[in-house]
Amino acid sequence: VRAARGVTDALQLIAERAPDFVLLDVGLIKEKSFAVAEQLALQKIPFVFVTGYSGPAAVPPVYAHYPVLRKPYLRDQLLDTLRKWRRQV
């Protein structure tokens with residue numbers, strides 16, 4: 001498990017070693033993570049958006065087919081998301 005503090009850190013971590021799966025928080029302190037989502041999609045790295053935002057403003061339409069975990073989420077919701085990913089691998 002690795003954690004990034006922002007978009008630049010996340011992109012660097014991806015470049016160093018591609019992750020198997022990513023929980024991608026939409027709202028970072030001063031930026032949104034959509035540049036990271038773009039890189040993950042290009043590299044075909046599976047990811048799930050995590051957000052406290054609701055409605056269509058939470059995730060741009062281009063990413064509408066990616067799963068979203070709404071904060072606060074329950075442990076079982078996270079486990080279910082991870083199980084679905086494992087079945088696809």
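Keep in mind that the numbers below use all heavy atoms, side chains included, and drop hydrogens, waters and symmetry copies.
Panel note: side chain Arg2, backbone Arg17; a donor-acceptor pair is recorded below 3.5 Å. Of the possible donor and acceptor atoms, none in the side chain of Glu31 sits under 3.5 Å from a partner among the backbone N and O of Gly6. Distance alone, capped at 3.5 Å, is enough to place a donor-acceptor pair between the Gln77 side chain and the Leu74 backbone.
Take Asp80 and apply the salt bridge (Lys or Arg N to Asp or Glu O under 4.0 Å) test, not counting sequence neighbours, and it matches Lys84.
The two atoms that bring Ala58 and Arg70 nearest to each other are CB-NH1, 3.4 Å, heavy atoms only. Listed here is the closest heavy atom pair of Ala35 and Leu11: O-CD2, 4.1 Å.
The CG atom of Leu24 lies 12.0 Å from the NZ atom of Lys32; values are rounded to the nearest 0.5 Å. For the atom pair CG (Leu40) and CD1 (Ile14), the distance works out to 4.0 Å, reported to the nearest 0.5 Å. A distance of 4.0 Å separates CG in Leu69 from OG1 in Thr81, rounded to the nearest 0.5 Å.
There is no path of hydrophobic side-chain contacts, each under 4.5 Å, that joins Leu13 to Val22.
Looking only at side-chain heavy atoms (C-beta outward), Arg86 and Phe21 stay at 4.5 Å or farther from each other. A heavy-atom distance below 4.5 Å is found between the side chains of Trp85 and Asp20. Under the 4.5 Å side-chain criterion, counting only non-hydrogen atoms from C-beta, Leu28 is in contact with Asp25.
Within 6.0 Å of the CZ atom in Arg5, the count of heavy atoms belonging to other residues, nucleotides or ligands does not exceed 12.
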Please output the side-chain donor-acceptor pairs of residues 44-51 that fall under 3.5 Å, not counting sequence neighbours, one pair per line with the distance.
residue: Thr51; atom: OG1; partner: Tyr53; partner atom: N; Å: 2.9

